[in-house]
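Okay, structure first, notes after.
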Amino acid sequence: MNKILVTRSSMPDYEEYCEEIKELWDSHWLTNMGKKHKQLQAELETMLDVPHVTLYVNGHLALENVIASFNFPKGSEVITTPFTFASTTHAIVRNGLEPVFCDINPKDYTIDVTKIESLITDKTVAIVPVHVYGNMCDVEEIERIAKKYELKVIYDAAHAFGVTYKGKSSASFGDASMFSFHATKVFNTIEGGAVCYHDDSLTQKLNDLKNFGIHGPEEVAYIGGNAKMNEFQAAMGICNLRHLESEIAKRQAVVERYRSNLKNIDGIKLCDPKSDVKSNYAYFPVVFDEKVFGASRNEVMEKLAENGIGARKYFYPLTSVSPAFNEKYDPSDTPVALHLSKRVLTLPLYADLSLDDVDRICNIIKSCKM
Ligand code: T4K
(Lines give C-alpha, C1' and ligand atoms only; values in the text may rest on other atoms or scores of the structure.)
Protein backbone atom coordinates (compact mmCIF):
# COMPACT_ATOMS: atom_id res chain seq x y z
CA MET A 1 0.00 0.00 0.00
CA ASN A 2 1.36 3.46 -0.91
CA LYS A 3 2.36 5.64 2.01
CA ILE A 4 0.54 8.95 2.35
CA LEU A 5 2.29 11.70 4.29
CA VAL A 6 0.69 14.83 5.71
CA THR A 7 1.75 16.76 2.65
CA ARG A 8 3.85 16.48 -0.48
CA SER A 9 5.75 19.33 -2.09
CA SER A 10 4.25 20.86 -5.20
CA MET A 11 6.83 20.74 -7.99
CA PRO A 12 6.85 21.87 -11.61
CA ASP A 13 7.72 19.36 -14.33
CA TYR A 14 11.40 18.48 -14.25
CA GLU A 15 11.87 19.97 -17.74
CA GLU A 16 10.22 23.25 -16.73
CA TYR A 17 12.59 23.72 -13.80
CA CYS A 18 15.63 22.71 -15.90
CA GLU A 19 14.63 25.28 -18.51
CA GLU A 20 14.30 27.93 -15.78
CA ILE A 21 17.73 27.26 -14.27
CA LYS A 22 19.54 26.73 -17.59
CA GLU A 23 20.76 30.32 -17.81
CA LEU A 24 22.42 30.02 -14.39
CA TRP A 25 25.00 27.78 -16.12
CA ASP A 26 25.70 30.60 -18.57
CA SER A 27 25.82 33.42 -16.07
CA HIS A 28 27.35 31.53 -13.10
CA TRP A 29 25.32 33.97 -11.00
CA LEU A 30 23.84 31.86 -8.22
CA THR A 31 22.84 34.18 -5.39
CA ASN A 32 23.10 37.73 -3.96
CA MET A 33 19.86 39.11 -5.41
CA GLY A 34 20.38 37.97 -9.00
CA LYS A 35 18.06 38.01 -11.98
CA LYS A 36 15.72 35.25 -10.79
CA HIS A 37 15.48 36.84 -7.36
CA LYS A 38 14.46 40.17 -8.92
CA GLN A 39 11.96 38.51 -11.25
CA LEU A 40 10.27 36.54 -8.46
CA GLN A 41 10.11 39.62 -6.24
CA ALA A 42 8.39 41.62 -8.99
CA GLU A 43 5.96 38.80 -9.78
CA LEU A 44 5.04 38.46 -6.13
CA GLU A 45 4.48 42.21 -5.70
CA THR A 46 1.96 42.02 -8.53
CA MET A 47 0.33 38.79 -7.47
CA LEU A 48 0.06 39.76 -3.79
CA ASP A 49 -0.92 43.33 -4.66
CA VAL A 50 1.57 44.89 -2.25
CA PRO A 51 4.15 47.62 -2.99
CA HIS A 52 7.12 45.85 -1.39
CA VAL A 53 8.24 42.24 -1.12
CA THR A 54 11.63 41.36 0.38
CA LEU A 55 12.65 37.76 -0.26
CA TYR A 56 14.35 35.53 2.29
CA VAL A 57 16.14 32.21 2.47
CA ASN A 58 13.31 30.92 4.70
CA GLY A 59 10.18 32.12 6.45
CA HIS A 60 11.65 32.04 9.93
CA LEU A 61 14.48 34.45 9.17
CA ALA A 62 11.99 36.67 7.36
CA LEU A 63 9.94 36.88 10.55
CA GLU A 64 12.96 37.30 12.81
CA ASN A 65 14.32 40.08 10.56
CA VAL A 66 11.08 41.99 10.15
CA ILE A 67 10.60 42.05 13.92
CA ALA A 68 14.21 43.25 14.27
CA SER A 69 13.62 45.97 11.67
CA PHE A 70 11.34 47.85 14.08
CA ASN A 71 14.14 48.25 16.68
CA PHE A 72 11.89 47.59 19.66
CA PRO A 73 13.65 48.12 23.00
CA LYS A 74 14.90 44.82 24.49
CA GLY A 75 12.45 43.36 26.98
CA SER A 76 9.41 44.93 25.28
CA GLU A 77 6.27 42.83 25.21
CA VAL A 78 4.75 41.33 22.07
CA ILE A 79 1.25 39.86 22.12
CA THR A 80 1.01 36.61 20.18
CA THR A 81 -0.55 33.13 20.36
CA PRO A 82 0.99 29.80 21.45
CA PHE A 83 -1.07 27.81 18.90
CA THR A 84 1.51 28.04 16.13
CA PHE A 85 4.78 26.58 14.86
CA ALA A 86 7.81 27.12 17.10
CA SER A 87 9.10 29.74 14.65
CA THR A 88 6.63 32.47 15.68
CA THR A 89 7.56 32.44 19.36
CA HIS A 90 11.25 31.88 18.64
CA ALA A 91 11.38 34.91 16.33
CA ILE A 92 10.06 37.10 19.16
CA VAL A 93 12.33 35.65 21.87
CA ARG A 94 15.44 35.65 19.65
CA ASN A 95 14.92 39.40 19.25
CA GLY A 96 15.19 39.85 23.03
CA LEU A 97 11.45 40.51 23.33
CA GLU A 98 8.93 39.01 25.72
CA PRO A 99 6.06 36.98 24.24
CA VAL A 100 2.73 37.57 25.96
CA PHE A 101 0.44 34.69 25.06
CA CYS A 102 -3.12 35.51 24.11
CA ASP A 103 -5.71 32.75 23.72
CA ILE A 104 -7.23 31.78 20.38
CA ASN A 105 -10.90 31.75 19.44
CA PRO A 106 -12.57 28.33 19.19
CA LYS A 107 -14.11 29.07 15.79
CA ASP A 108 -11.13 29.52 13.50
CA TYR A 109 -8.17 29.10 15.92
CA THR A 110 -6.71 32.56 15.30
CA ILE A 111 -6.00 35.11 18.04
CA ASP A 112 -9.06 35.90 20.22
CA VAL A 113 -9.36 39.62 19.58
CA THR A 114 -11.63 40.09 22.61
CA LYS A 115 -8.70 39.15 24.85
CA ILE A 116 -5.96 41.33 23.35
CA GLU A 117 -6.69 44.62 25.12
CA SER A 118 -6.52 43.14 28.63
CA LEU A 119 -2.95 41.97 27.88
CA ILE A 120 -1.65 45.39 26.82
CA THR A 121 0.74 47.07 29.26
CA ASP A 122 3.03 50.07 28.98
CA LYS A 123 5.73 47.66 27.73
CA THR A 124 3.66 46.34 24.81
CA VAL A 125 5.08 47.33 21.42
CA ALA A 126 3.53 44.95 18.92
CA ILE A 127 1.04 42.21 18.10
CA VAL A 128 2.23 39.16 16.14
CA PRO A 129 -0.98 37.33 15.19
CA VAL A 130 -0.93 34.10 13.15
CA HIS A 131 -3.22 33.37 10.19
CA VAL A 132 -3.74 29.66 10.85
CA TYR A 133 -4.31 26.83 8.31
CA GLY A 134 -5.27 29.17 5.44
CA ASN A 135 -7.83 31.09 7.47
CA MET A 136 -7.26 34.71 8.49
CA CYS A 137 -7.32 36.62 11.78
CA ASP A 138 -9.88 39.32 12.50
CA VAL A 139 -7.71 41.88 10.73
CA GLU A 140 -10.18 44.76 11.20
CA GLU A 141 -10.40 44.45 14.97
CA ILE A 142 -6.63 43.96 15.25
CA GLU A 143 -6.14 47.14 13.24
CA ARG A 144 -8.55 49.05 15.52
CA ILE A 145 -6.71 47.90 18.66
CA ALA A 146 -3.28 48.58 17.17
CA LYS A 147 -4.26 52.11 16.18
CA LYS A 148 -5.79 52.85 19.58
CA TYR A 149 -2.67 51.74 21.50
CA GLU A 150 -0.10 52.69 18.81
CA LEU A 151 1.18 49.14 18.37
CA LYS A 152 2.86 47.59 15.36
CA VAL A 153 1.17 44.57 13.76
CA ILE A 154 3.37 41.93 12.14
CA TYR A 155 1.40 38.99 10.77
CA ASP A 156 2.81 35.50 10.71
CA ALA A 157 1.15 34.68 7.39
CA ALA A 158 3.15 31.49 6.81
CA HIS A 159 -0.12 29.63 6.09
CA ALA A 160 -1.88 32.40 4.19
CA PHE A 161 -0.15 32.79 0.83
CA GLY A 162 -2.76 33.64 -1.80
CA VAL A 163 -5.56 34.05 0.76
CA THR A 164 -7.85 37.06 0.49
CA TYR A 165 -10.24 38.83 2.87
CA LYS A 166 -13.10 40.76 1.27
CA GLY A 167 -11.10 40.46 -1.95
CA LYS A 168 -7.97 42.04 -0.42
CA SER A 169 -4.70 40.14 -0.37
CA SER A 170 -3.58 38.73 3.00
CA ALA A 171 -0.28 40.53 2.33
CA SER A 172 -1.87 43.93 2.62
CA PHE A 173 -2.77 43.96 6.33
CA GLY A 174 -0.78 45.23 9.31
CA ASP A 175 2.63 46.88 9.18
CA ALA A 176 4.10 43.75 7.61
CA SER A 177 3.32 40.10 6.85
CA MET A 178 5.71 37.19 6.70
CA PHE A 179 5.08 34.29 4.28
CA SER A 180 6.81 30.93 4.35
CA PHE A 181 7.73 29.32 1.06
CA HIS A 182 8.91 26.09 2.67
CA ALA A 183 8.64 22.82 0.71
CA THR A 184 5.53 21.93 2.72
CA LYS A 185 3.61 25.10 1.86
CA VAL A 186 0.95 25.79 -0.78
CA PHE A 187 3.58 27.77 -2.70
CA ASN A 188 7.22 26.80 -2.24
CA THR A 189 10.67 27.95 -3.26
CA ILE A 190 12.19 24.75 -1.73
CA GLU A 191 13.01 26.75 1.41
CA GLY A 192 12.13 30.42 1.35
CA GLY A 193 10.07 33.25 2.68
CA ALA A 194 9.13 36.86 2.22
CA VAL A 195 8.17 39.99 4.07
CA CYS A 196 5.42 42.12 2.50
CA TYR A 197 4.84 45.73 3.56
CA HIS A 198 3.82 49.24 2.48
CA ASP A 199 6.37 51.49 4.20
CA ASP A 200 9.29 52.30 1.83
CA SER A 201 11.67 52.90 4.71
CA LEU A 202 11.57 49.22 5.75
CA THR A 203 13.29 48.11 2.52
CA GLN A 204 16.76 49.36 3.50
CA LYS A 205 16.46 47.93 7.01
CA LEU A 206 15.37 44.50 5.75
CA ASN A 207 18.14 44.45 3.13
CA ASP A 208 20.68 45.44 5.79
CA LEU A 209 19.51 42.63 8.04
CA LYS A 210 19.58 39.99 5.32
CA ASN A 211 22.81 41.06 3.56
CA PHE A 212 25.39 42.01 6.21
CA GLY A 213 24.45 45.70 6.05
CA ILE A 214 26.37 45.99 2.78
CA HIS A 215 25.62 49.27 0.98
CA GLY A 216 28.38 49.02 -1.64
CA PRO A 217 31.66 47.20 -2.39
CA GLU A 218 33.51 49.36 0.12
CA GLU A 219 30.72 50.19 2.54
CA VAL A 220 29.30 47.98 5.29
CA ALA A 221 26.98 50.32 7.14
CA TYR A 222 25.09 47.99 9.46
CA ILE A 223 25.77 44.82 11.48
CA GLY A 224 23.42 42.56 9.54
CA GLY A 225 23.40 38.81 8.95
CA ASN A 226 22.87 36.68 5.86
CA ALA A 227 19.38 35.49 4.94
CA LYS A 228 19.24 35.89 1.17
CA MET A 229 17.17 33.71 -1.15
CA ASN A 230 19.38 32.12 -3.83
CA GLU A 231 18.72 31.82 -7.57
CA PHE A 232 17.72 28.13 -7.50
CA GLN A 233 15.09 28.89 -4.88
CA ALA A 234 13.80 31.88 -6.86
CA ALA A 235 13.67 29.77 -10.04
CA MET A 236 11.56 27.18 -8.24
CA GLY A 237 9.26 29.98 -7.10
CA ILE A 238 8.91 31.36 -10.64
CA CYS A 239 7.89 27.91 -11.89
CA ASN A 240 5.54 27.12 -9.00
CA LEU A 241 3.82 30.49 -9.28
CA ARG A 242 2.71 29.56 -12.82
CA HIS A 243 0.76 26.62 -11.41
CA LEU A 244 -0.50 28.18 -8.19
CA GLU A 245 -4.10 28.62 -9.26
CA SER A 246 -4.52 25.04 -10.40
CA GLU A 247 -2.72 23.73 -7.30
CA ILE A 248 -5.14 25.63 -5.06
CA ALA A 249 -8.14 24.40 -7.09
CA LYS A 250 -6.96 20.79 -6.67
CA ARG A 251 -6.50 21.35 -2.93
CA GLN A 252 -10.01 22.76 -2.75
CA ALA A 253 -11.40 19.58 -4.33
CA VAL A 254 -9.54 17.49 -1.73
CA VAL A 255 -10.88 19.64 1.12
CA GLU A 256 -14.44 19.48 -0.22
CA ARG A 257 -14.19 15.68 -0.39
CA TYR A 258 -12.95 15.57 3.23
CA ARG A 259 -15.81 17.84 4.27
CA SER A 260 -18.49 15.77 2.60
CA ASN A 261 -17.07 12.60 4.16
CA LEU A 262 -16.64 13.94 7.68
CA LYS A 263 -19.54 16.37 8.13
CA ASN A 264 -22.23 15.66 10.69
CA ILE A 265 -20.23 13.05 12.58
CA ASP A 266 -20.76 13.30 16.34
CA GLY A 267 -17.47 14.04 18.06
CA ILE A 268 -15.75 15.45 14.96
CA LYS A 269 -15.48 19.19 14.51
CA LEU A 270 -14.32 20.72 11.25
CA CYS A 271 -12.94 24.25 11.04
CA ASP A 272 -15.40 26.45 9.16
CA PRO A 273 -13.88 28.98 6.79
CA LYS A 274 -14.48 32.57 7.91
CA SER A 275 -17.02 34.42 5.83
CA ASP A 276 -15.32 36.82 3.39
CA VAL A 277 -12.08 34.78 3.49
CA LYS A 278 -11.03 32.96 0.32
CA SER A 279 -8.78 30.21 1.61
CA ASN A 280 -5.74 28.61 -0.01
CA TYR A 281 -6.66 25.24 1.56
CA ALA A 282 -3.27 25.01 3.25
CA TYR A 283 -4.18 22.50 5.98
CA PHE A 284 -7.20 20.37 6.91
CA PRO A 285 -7.60 20.28 10.71
CA VAL A 286 -10.07 17.93 12.41
CA VAL A 287 -10.86 18.14 16.12
CA PHE A 288 -11.80 14.96 17.99
CA ASP A 289 -13.93 15.02 21.12
CA GLU A 290 -13.00 11.64 22.60
CA LYS A 291 -16.05 11.45 24.92
CA VAL A 292 -18.47 11.78 22.00
CA PHE A 293 -16.46 10.19 19.18
CA GLY A 294 -15.25 7.27 21.28
CA ALA A 295 -11.62 7.51 20.20
CA SER A 296 -9.00 10.10 21.03
CA ARG A 297 -7.03 12.17 18.55
CA ASN A 298 -3.95 10.07 19.36
CA GLU A 299 -5.82 6.80 18.78
CA VAL A 300 -7.06 8.03 15.39
CA MET A 301 -3.53 9.13 14.50
CA GLU A 302 -2.17 5.68 15.44
CA LYS A 303 -4.84 3.90 13.41
CA LEU A 304 -3.99 6.04 10.39
CA ALA A 305 -0.28 5.35 10.90
CA GLU A 306 -0.97 1.57 10.98
CA ASN A 307 -2.41 2.08 7.49
CA GLY A 308 0.58 4.04 6.22
CA ILE A 309 -1.09 7.44 6.60
CA GLY A 310 0.85 10.25 8.27
CA ALA A 311 -1.51 12.77 9.84
CA ARG A 312 0.18 15.36 12.08
CA LYS A 313 -0.59 17.23 15.30
CA TYR A 314 -0.18 20.79 14.02
CA PHE A 315 0.07 22.37 16.61
CA TYR A 316 0.97 20.24 19.62
CA PRO A 317 2.46 21.03 22.05
CA LEU A 318 1.78 24.75 22.44
CA THR A 319 4.90 26.83 21.86
CA SER A 320 4.54 28.28 25.37
CA VAL A 321 5.27 24.91 27.02
CA SER A 322 8.64 24.33 25.36
CA PRO A 323 11.10 23.00 27.97
CA ALA A 324 13.36 25.86 26.86
CA PHE A 325 11.03 28.22 28.76
CA ASN A 326 11.36 26.24 31.98
CA GLU A 327 7.62 26.46 32.88
CA LYS A 328 7.75 30.25 32.69
CA TYR A 329 4.36 30.32 30.96
CA ASP A 330 1.20 28.63 32.23
CA PRO A 331 -0.69 26.93 29.37
CA SER A 332 -3.92 27.15 31.38
CA ASP A 333 -3.77 30.92 30.72
CA THR A 334 -4.69 30.04 27.12
CA PRO A 335 -7.36 27.36 27.75
CA VAL A 336 -8.84 27.26 24.24
CA ALA A 337 -5.41 26.81 22.68
CA LEU A 338 -4.53 24.13 25.24
CA HIS A 339 -7.82 22.27 24.67
CA LEU A 340 -7.42 22.39 20.89
CA SER A 341 -3.76 21.36 20.85
CA LYS A 342 -4.73 18.12 22.64
CA ARG A 343 -7.47 17.26 20.17
CA VAL A 344 -6.53 18.54 16.72
CA LEU A 345 -5.17 16.43 13.89
CA THR A 346 -4.28 17.80 10.46
CA LEU A 347 -5.06 15.28 7.75
CA PRO A 348 -2.98 14.68 4.60
CA LEU A 349 -3.52 17.47 2.09
CA TYR A 350 -1.75 18.21 -1.17
CA ALA A 351 -2.76 18.97 -4.72
CA ASP A 352 -2.23 15.46 -6.08
CA LEU A 353 -3.87 13.56 -3.23
CA SER A 354 -6.47 11.41 -4.98
CA LEU A 355 -10.10 11.58 -3.95
CA ASP A 356 -10.05 7.78 -3.55
CA ASP A 357 -7.27 8.19 -1.00
CA VAL A 358 -9.33 10.87 0.78
CA ASP A 359 -12.23 8.40 0.98
CA ARG A 360 -9.91 5.72 2.31
CA ILE A 361 -8.52 8.07 4.99
CA CYS A 362 -12.05 9.06 6.03
CA ASN A 363 -13.21 5.44 6.19
CA ILE A 364 -10.33 4.60 8.52
CA ILE A 365 -11.26 7.58 10.71
CA LYS A 366 -14.93 6.55 10.75
CA SER A 367 -13.93 3.00 11.67
CA CYS A 368 -12.43 4.40 14.91
CA LYS A 369 -15.83 5.68 16.05
CA MET A 370 -17.35 3.73 18.94
N1 T4K B 1 5.20 30.26 11.14
C2 T4K B 1 4.33 29.24 10.97
C3 T4K B 1 2.92 29.39 11.43
C4 T4K B 1 4.76 28.06 10.33
O5 T4K B 1 3.89 27.03 10.17
C6 T4K B 1 6.09 27.97 9.89
C7 T4K B 1 6.57 26.74 9.26
C8 T4K B 1 6.95 29.08 10.07
C9 T4K B 1 6.46 30.20 10.73
C10 T4K B 1 8.40 29.08 9.63
O11 T4K B 1 8.56 29.06 8.22
P12 T4K B 1 9.86 28.33 7.56
O13 T4K B 1 11.10 28.91 8.21
O14 T4K B 1 9.74 26.86 7.76
O15 T4K B 1 9.76 28.75 6.11
C16 T4K B 1 7.04 21.70 8.71
C17 T4K B 1 7.81 22.77 7.96
O18 T4K B 1 9.22 22.52 8.00
C19 T4K B 1 7.56 24.17 8.41
O20 T4K B 1 7.92 25.00 7.32
C21 T4K B 1 6.09 24.40 8.72
N22 T4K B 1 5.85 25.70 9.28
C23 T4K B 1 5.60 23.36 9.70
C24 T4K B 1 4.14 23.54 10.06
O25 T4K B 1 5.75 22.09 9.09
P26 T4K B 1 7.82 19.66 10.09
O27 T4K B 1 8.94 19.47 11.05
O28 T4K B 1 6.48 19.17 10.47
O29 T4K B 1 8.20 19.10 8.63
P30 T4K B 1 8.52 17.63 8.15
O31 T4K B 1 9.92 17.56 7.69
O32 T4K B 1 8.09 16.64 9.17
O33 T4K B 1 7.59 17.50 6.84
C34 T4K B 1 6.20 17.31 6.91
C35 T4K B 1 5.78 16.51 5.69
O36 T4K B 1 5.97 17.28 4.52
C37 T4K B 1 6.55 15.23 5.46
O38 T4K B 1 5.93 14.20 6.16
C39 T4K B 1 6.50 15.05 3.96
C40 T4K B 1 6.35 16.43 3.43
N41 T4K B 1 7.59 16.96 2.85
C42 T4K B 1 8.58 17.43 3.67
C43 T4K B 1 9.73 17.94 3.16
C44 T4K B 1 10.82 18.44 4.07
C45 T4K B 1 7.74 17.01 1.47
O46 T4K B 1 6.84 16.58 0.72
N47 T4K B 1 8.88 17.54 0.95
C48 T4K B 1 9.89 18.01 1.73
O49 T4K B 1 10.91 18.49 1.20
O50 T4K B 1 7.77 21.23 9.80
Side-chain angles (χ1 to χ4, degrees), residues 2-12 17 54-67 78 80-95 99 101 104 108-111 128-137 154-161 163 170 176-196 210 225 227-230 232-233 236-237 240 247 251 280 282-285 301 304-305 308-320 322 337 340-341 344-353 361:
N2 65 327
K3 250 185 165 266
I4 299 175
L5 299 176
V6 70
T7 194
R8 194 168 73 166
S9 297
S10 294
M11 293 172 84
Y17 186 63
T54 297
L55 297 176
Y56 274 90
V57 66
N58 59 53
H60 175 77
L61 284 172
L63 186 59
E64 211 173 289
N65 278 200
V66 69
I67 294 173
V78 174
T80 187
T81 54
F83 188 71
T84 181
F85 195 55
S87 169
T88 322
T89 306
H90 289 192
I92 295 166
V93 175
R94 287 172 57 81
N95 271 294
F101 292 108
I104 56 172
D108 60 32
Y109 319 144
T110 61
I111 193 164
V128 176
V130 186
H131 299 310
V132 188
Y133 299 140
N135 223 324
M136 275 179 67
C137 302
I154 302 159
Y155 283 104
D156 180 333
H159 296 191
F161 184 81
V163 178
S170 57
S177 294
M178 175 283 289
F179 292 93
S180 163
F181 303 152
H182 184 264
T184 54
K185 295 291 185 276
V186 171
F187 166 72
N188 83 76
T189 59
I190 308 172
E191 290 263 7
V195 177
C196 299
K210 79 169 193 181
K228 293 166 291 184
M229 177 181 279
N230 70 48
F232 289 86
Q233 291 176 286
M236 183 62 108
N240 279 336
E247 291 287 297
R251 283 173 168 269
N280 60 358
Y283 293 86
F284 191 75
M301 189 174 164
L304 288 167
I309 296 160
R312 291 291 283 270
K313 301 179 200 174
Y314 295 134
F315 298 103
Y316 175 86
L318 297 179
T319 62
S320 51
S322 161
L340 189 70
S341 73
V344 72
L345 194 62
T346 48
L347 301 183
L349 173 54
Y350 45 90
D352 293 329
L353 183 62
I361 292 166

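For this chain, numbers begin at 1 and follow the sequence in order. Both counts, for ligands and for their atoms, begin at 1 and track the order of listing.
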Which option out of [options] puts a heavy atom nearest to [atom]?
atom                    : options                     : value
atom 30 (P) of ligand 1 : His131, Arg312, His159      : Arg312
atom 3 (C) of ligand 1  : Thr84, Thr7, Asn188         : Thr84
atom 21 (C) of ligand 1 : Lys185, His182, Arg8, Glu64 : Lys185

- Query: Have Asp156 and Thr88 got a donor and an acceptor in their side chains that come within less than 3.5 Å?
  - Reply: yes

- Query: Can you find an N/O atom of Glu191 closer than 3.5 Å to an N/O atom of ligand 1?
  - Reply: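 No, there is no polar N/O contact under 3.5 Å.
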
For [atom], what's the nearest protein heavy atom and its distance?
atom                    : answer
atom 25 (O) of ligand 1 : Tyr314 OH, 3.4 Å
atom 50 (O) of ligand 1 : Phe85 CZ, 3.6 Å
atom 15 (O) of ligand 1 : Ser180 OG, 2.7 Å
atom 35 (C) of ligand 1 : Val6 CG1, 3.7 Å

- Item | Under the ring-ring contact (aromatic ring centres under 6.0 Å, His included) test, residues paired with His159 that sit two or more places apart | Tyr283, Phe315

- What are the atoms of ligand 1, with element, lying closer than 4.0 Å to any heavy atom of Tyr283? 24 (C)

- Query: Can you tell me if Gly192 has a non-hydrogen atom under 4.0 Å from ligand 1?
  - Reply: yes

- Item | Aromatic centroids of Phe181 and Phe161 separated by under 6.0 Å | yes

- Would one find more than 12 heavy atoms of other residues, nucleotides or ligands at under 6.0 Å from atom CZ of Phe232?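 It does: Phe232 CZ has more than 12 such atoms within range.
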
